[in-house]
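Below: the structure, in structure tokens.
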Amino acid sequence: MSIIKDFLLQLTFMLIPIFIYYTFITERVKNNKNRKVTMTILWGISIIACMSFPVLFGQNARLELRIIPLLLGTLYGGFLPGIFLSALIIFYRLSLGIDIGFYNTVLVLLLSLPVIVHFQKSFASSKKDRRVKIAVGLSFYYCLIGLTLLGILRGFSKEYLTVPIIHLFFAVLVTWCFTMLIEAIREIHQLRLEMQNSEKLRAIGELTSVFAHEIRNPMQATRGFLQLLNEPDLSDKKKEYIQISLEELDRANEIINDFLSLGKPSIEDKKRINIGYQIQRVVNIIHSYTLNRNVEIETDILENCWIYVNPQRLNQSLINILKNAIESMPNGGTVWIKCTTDDRYIKISIKDQGIGMTKKQIERLGSPYYSLKESGTGLGMMVSFQIIRSFKGKIQVNSEKDVGTEFIILLPQIS
Ligand code: ADP
Ligand code: MG
């Protein structure tokens, strides 16, 4: 009975840091570095507690799960927390006396920490399922090394190896449980953040749709009168002023359009449309924009491919992507629009020779207000992603800094 009690105690030592971290720390501590430090301290306390109250089998055999705080701390925290937690284990073990167990501890850490740190990078960029596999694999590796070394140091006898084998089994199982638990909690957090975000956007959408119409009317009137003022006998300077005013009014109108589409519900007026015809229309609309920027558009478009979408919304997302492609080439260049198909998807590729993006920039693409342009709104991509998603499509982005960017839009095909 006391073994079970001890074992449950070990589990509690690991549950408490997870509970404290995700209930109190993630929400309140905004600085990423401070959060990491707090998490490392919590895992450190957990390690000391695990080592102080091990599960005792008979006289000399101890079983404890310090690998789990060490592993989770390193995988979720990184290199430095890993070093700190390992040092903590070594010093605490040292205070318990120098014996075979101590050498074993040091050797196991020396052999396993580099491997854990090596996998940490791919762990950080992986999805849930792969993360769980990595954690379980590393836990297995750590225990196996411990077991082998103990065998070498003490001899491979049943007497000495029974407990390490049980340890291996439990450590792997508990690693699996706790990684799943942490991943589930992180997922819930992520979902909550996204919900807060979409709620914010919905509120913005509602507000702007009220104002937008009121602002647009006077803008239309101003635009009309400005065009009337633009007579041939005006001086060049005045003509230029009028031109700038018109462009700025158009820009204001675009920003209003972007804001308006944020609040639109996803159920919309879809139609069966010919994608080639639609792309051609978009190219015609954007034509004037390309002229004064020295940009050429080359198209290679399929005939007779049909998709089921809302044409205005599709136009809007294509125009946003095309405009970005054009704006990414300040000295001019070519934009290629290609449309191909396989049996399920229609693939629209929009490729430029512009400034390109780094991996980090691609990751941030589509988050609200993310813009690197002086007068950018950072809404265009977000709206486009939202629109394509609402058509059950996908957007892929390939980009290389200073070479160019390719946006690939995949839309489900209908016959
Ligand atoms: P905005 O155009 O108002 O800046 P967007 O949401 O349309 O906002 O784009 C966000 C950012 O993504 C841009 O500021 C730009 O840095 C980057 N971006 C988008 N498309 C491209 C592209 N084709 N080439 C290079 N950078 C791009
Ligand atoms: Mg844009």
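Keep in mind the model is a prediction, meaning the values are calculated, not measured. As the structure lists them, so they are numbered: ligands from 1, and atoms in each ligand from 1.
For G378, the closest heavy-atom approach to ligand 1 falls below 4.0 Å.
If you look at L379 next to ligand 1, the close heavy atoms, those under 4.0 Å, all belong to the backbone. Under 4.0 Å from ligand 1, the heavy atoms of L365 that appear belong solely to its side chain.
Defined by atom type and a distance below 3.5 Å, a donor-acceptor pair is missing between the side-chain atoms of E298 and T334.
The closest donor-acceptor contact from the side chain of Q10 to the backbone of L65 lies under 3.5 Å. In terms of modelled atom types and a separation under 3.5 Å, the side chain of Q220 and the main chain of N217 share no donor-acceptor contact.
Near F407, meaning under 4.0 Å from any of its heavy atoms, are these atoms of ligand 1: 20 (N), 23 (N). Residue contact check: K373 has heavy atoms under 4.0 Å from atoms 1 (P), 2 (O), 4 (O), 13 (C), 14 (O) of ligand 1. Numbered from 1 in the order shown, with element, the atoms of ligand 1 that lie under 4.0 Å from a heavy atom of G376 read 3 (O), 4 (O). Of all atoms in ligand 1, listed by their number and element, those nearer than 4.0 Å to a heavy atom of T377 are 3 (O). Against a heavy-atom cut-off of under 4.0 Å, M381 is close to the following atoms of ligand 1: 5 (P), 6 (O), 7 (O), 9 (O). Listed by number with element, the atoms of ligand 1 under 4.0 angstrom from any heavy atom of L372 are 14 (O), 16 (O). Those atoms of ligand 1 that come under 4.0 Å of a heavy atom in Y370, given as number and element, are 10 (C), 11 (C).
Taking the ring axis of F123 as reference, the NZ or CZ atom of R131 stays within 45° of it and closer than 6.0 Å to the ring centre. Both the sub-6.0 Å distance and the 45° axial angle are satisfied by K323 relative to the ring of Y289.
Closest to atom 4 (O) of ligand 1, if we only count protein heavy atoms, is S371 OG, 2.5 Å. Distance from atom 23 (N) of ligand 1 to its nearest protein heavy atom, with residue and atom name: D352 OD2, 2.9 Å. For atom 7 (O) of ligand 1, the closest non-hydrogen atom of the protein is N324 ND2, 2.8 Å.
Ring centroids of F391 and Y308 are separated by 6.0 Å or more, keeping the two rings apart.
Among the atoms of S371, none of the N, O or S atoms falls under 2.8 Å from the Mg ion (ligand 2).
Here I18 contributes atom CD1 and L42 contributes atom CG; the two are 10.5 Å apart, rounded to the nearest 0.5 Å.
The aromatic rings of F24 and F19 stand perpendicular to each other, their planes meeting at an angle above 60°, with 30° marking the opposite boundary.
With atom 26 (N) of ligand 1 as the reference point, the heavy atom nearest to it among M357, E327, M329 is part of M357.
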